[in-house]
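Down below is the structure, laid out as structure tokens.
Only a predicted model underlies this, so the values are computations on that prediction, with no experimental measurement involved. Order of the sequence lines fixes the chain letters, A, B, ..., with proteins taken first and strands second; residue numbering starts at 1 for each chain.
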Amino acid sequence: MPKNWIIKTIEIIIFIIFLFFLLVPLLSTIIWSIALRWYWPNTFPQEIGLDYWLQALGMIKSLTLGAVNVIPAFLLSLGIAIIVVLLTMSIAIPAGYALAKLRIPKFLKGLILILFLLPRAFPQQPVFINLMLVFNKIGLTGTVGGVILVHLVVSIVYAVWITTSTFSSIPPELEEAARSVGASRIRSFLKITLPLSAPGLIASAVFVFLTSMDEFTGTFFIGIPFVTTLPMTLYSASGSNIQFASVIAILLLVPSILFMIIIQKFLKAEYLGGMGG
Amino acid sequence: MAILKVENLNKNFGKIRAIQKVSFEAPEGKVLSLLGPSGCGKTTTLRCIAGFENPDDGKIYLDNRDITNIPPEKRGIGMVFQNYALWPHMTVYGNLAFGLQIREISKEEINKRIKKVLEIVQLSGYEDRFPRQLSGGQQQRIAMARALVFEPEIMLLDEPLSNLDAKLREEMRFEFTEMQKKLGITAVYVTHDQAEALVISDKIVILDQGKIIQSGTPKEIYAHPINKFVAGFIAISSFMEGEIDSFIPEEKKVIIKTNDGLIIHGYNNNLSLGQKVAVTIRTNVIKFVEEKELDLQEKINIFRGKIIQASYLGNTIDYRIKIGRWEVRTNSDAKYNFRVGEEVFFYLPPEEIVITSLI
């Protein structure tokens with residue numbers, strides 16, 4: 001079958017191009033993070049070493065490399081992201097369940113979903129500047145609490161939308177069957193709907209986590225000068241020192257990759273089987 | 001085992017009146033079918049009994065206990081859903097054990113009961129399968145087992161066989177009847193399939209547009225449908241319409257005249273002179289008569305028609321015959337071999353045709 005052969009070849013070529021676009025920027029970032037000396041017209045750095053990594057991770061304290069310590073920033077970002085995930089999901093799960101399963105009039109449902117979307121429906125800078133003015137009055141600017149609130153506003157729309165569609169995809173009879181054999185409403189939810197919607201809920205939580213880890217604009221307006229998350233550190237490093245910027249960029253990738261691995265472990269075949277109905 | 005009583009149930013969805021004044025009693029240890037076309041309110045009625053819908057009005061009693069406002073989990077009613085609603089993330093064992101674990105029954109007892117119920121539905125040894133590893137028929141049996149395993153007082157079934165293929169559906173009808181008789185459980189069975197209802201039911205309630213039209217045993221309903229709708233719904237039938245022209249009191253007969261002048265004799269005691277009626281002709285009542293035999297017949301209810309369609313079905317042939325402005329369908333022995341367009345004579349035995357009021 002010559003046609004099959006052509007299609008296979010085209011597929012492989014497209015795959016290689018994809019990999020190229022995906023990996024080359026990453027590769028250049030990795031090279032930059034270990035380049036000690038790299039001047040034009042050299043294709044590769046003249047001198048490589050882990051000095052910037054060690055300095056960034058606080059393992060050496062060299063005065064010549066500049067004082068960037070990303071560990072506190074990384075831990076702060078991680079802490080904020082975890083709290084944001086917990087807060088967002090504790091709002092999004094009940095909200096999504098209510099929107100999907102309860103008999104809410106259609107217009108009201110639309111109104112609620114638009115309400116969650118509203119902060120994201122306008123250009124972000126004006127929204128955050130206004131938010132900053134409000135937060136200024138109540139003393140939330142420059143605090144971790146203020147930054148957490150901003151991240152919550154940014155991520156909740158996606159979380160609610162994803163959880164709503166996840167819960168909607170689970171046939172109501174499954175919960176009714178649980179109730180008919182004697183399970184209370186709460187038990188039916190915990191034992192039937194929740195495990196079956198786990199993939200969607202985890203996807204939603206991961207999305208919120210990554211949004212929070214990456215969030216820059218809101219953090220910038222609300223958090224400065226005291227709350228320096230990893231993206232803020234990356235921003236200040238990128239102007240002066242491309243090696244530090246590369247180190248931070250790679251560090252920002254770590255949680256995403258870790259999460260992908262965890263999800264793969266967690267998404268058991270049974271759950272995926274459940275998604276098909 | 002219990003008696004279920006439904007009294008004056010009303011339920012509206014917005015402006016749609018789903019059920020109106022529905023009342024019936026499900027006899028103890030018997031099968032009651034709610035039969036009707038889609039949208040007739042049979043499923044809504046069932047969901048009210050299960051507790052998934054709150055009726056706007058009316059009462060539901062289980063053994064004289066008012067359960068109208070009790071949440072579904074406290075009613076002790078087993079339910080089989082149309083799409084089975086097995087929990088895909090649990091094995092057969094998990095599906096069956098769930099209701100028992102809630103009741104805090106010991107593990108040995110749970111294992112014993114699951115073993116027993118799987119024997120009843122003939123799926124012993126399937127404990128560790130997931131629902132997706134079962135065929136449609138097996139899923140259906142597990143759904144049945146799940147509704148039975150916690151030994152409910154009554155069992156509700158919402159078109160449980162409608163997702164199976166025709167052959168399996170017919171087998172399952174008999175299996176269900178056998179199982180129900182053995183367990184002696186009271187069952188309320190929703191279906192739109194009249195053949196299914198006739199086979200499995202001790203009592204049939206026919207619903208249309210949210211109202212009960214007729215209720216009775218399968219025989220009563222089949223032999224004495226209350227109107228044209230029931231007659232047409234309970235069996236494949238053709239109709240001729242007309243009005244009561246006269247009575248023959250000594251024979252308890254009625255004579256009907258159609259508006260194109262045909263005279264039909266039949267039996268029915270509850271009709272009055274001039275009333276508009278439907279003559280129901282089921283597919284098995286038409287007797288073909290050869291022209292030379294015509295003199296030997298009683299001369300009543302003999303008609304001349306024209307074959308307009310013939311479908312060969314193996315041991316029978318399905319004919320559509322045009323008589324006057326009416327078209328009747330008959331399923332006749334393959335020994336009668338008529339061609340399309342041929343003129344035929346046939347006899348309608350007065351005791352076999354059904355005369356009902358039009359509405």
Side-chain angles (χ1 to χ4, degrees), chain A residues 93 97-98 100-110 163 165-204 263-277, chain B residues 13-14 43 46-47 49-54 70-91 94-105 129-134 139 142-152 154-160:
Chain A
I93 289 177
Y97 186 80
K101 296 279 182 195
L102 304 185
R103 277 188 196 143
I104 300 169
K106 254 210 164 103
F107 75 96
L108 201 64
K109 210 178 263 189
T163 52
S165 68
T166 304
F167 286 132
S168 302
S169 73
I170 292 167
E173 298 86 48
L174 293 184
E175 221 170 276
E176 287 172 357
R179 301 202 59 195
S180 80
V181 303
S184 63
R185 196 178 264 276
I186 293 165
R187 195 178 186 127
S188 317
F189 173 75
L190 292 177
K191 295 283 181 180
I192 307 296
T193 310
L194 199 62
L196 286 173
S197 45
L201 299 183
I202 291 166
S204 171
I263 288 170
Q264 286 242 293
K265 287 250 184 248
F266 200 89
L267 290 190
K268 284 184 250 163
E270 285 85 81
Y271 290 139
L272 289 176
M275 288 298 274
Chain B
F13 293 112
T43 296
L46 198 75
R47 290 175 59 81
I49 299 170
F52 302 134
E53 303 287 354
N54 291 319
I70 292 180
E73 63 268 26
K74 298 244 162 68
R75 295 191 182 197
I77 294 177
M79 176 132 178
V80 179
F81 293 81
Q82 187 173 4
N83 58 4
Y84 318 137
L86 297 176
W87 303 306
H89 59 303
M90 295 183 186
T91 59
N95 269 277
L96 298 178
F98 188 67
L100 300 173
Q101 285 158 351
I102 292 164
R103 289 170 176 75
E104 291 177 350
I105 291 167
R129 305 273 186 106
F130 280 97
R132 64 173 181 280
Q133 296 168 315
L134 303 174
Q139 289 184 25
I142 296 300
M144 206 82 95
R146 186 178 62 184
L148 286 170
V149 73
F150 65 96
E151 292 169 2
I154 69 164
M155 187 181 185
L156 308 178
L157 303 103
D158 186 7
E159 309 221 8

Q | Option in B/Phe150, B/Phe98, B/Trp87 with maximal non-hydrogen atom pairs under 4.5 Å from chain A | A | B/Trp87
Q. Is chain A contacted by the side chain of B/Ile77, its backbone, both, or neither, given a heavy-atom distance below 4.5 Å?
A. backbone
Q: Could you look at B/Asn95 and say if it's the side chain, the backbone, both or neither that has a heavy atom under 4.5 Å from chain A?
A: neither
Q. Do you know which two heavy atoms are closest between A/Gly200 and A/Thr166, and how far apart they sit?
A. CA-OG1, 3.6 Å
Q. Just by modelled atom types, is the B/Pro131 backbone N or O under 3.5 Å from a matching donor or acceptor in the B/Gln139 side chain?
A. yes
Q. For atom CD1 of A/Ile186, is the number of surrounding heavy atoms from other residues, nucleotides or ligands below 6.0 Å larger than 12?
A. no
Q: Heavy-atom distances under 4.5 Å only: say whether B/Arg103 touches chain A with side chain, backbone, both or neither.
A: side chain
**Q.** B/Leu86 versus chain A, the contacting section by heavy-atom distance below 4.5 Å
**A.** backbone
**Q.** Which residues share a side chain to side chain donor-acceptor pair (under 3.5 Å) with B/Thr91, sequence neighbours left out
**A.** none
Q | Selection residues 183-192 of chain A - residue pairs positive for side-chain hydrogen bond (donor to acceptor under 3.5 Å, both in side chains), sequence neighbours left out | A | none
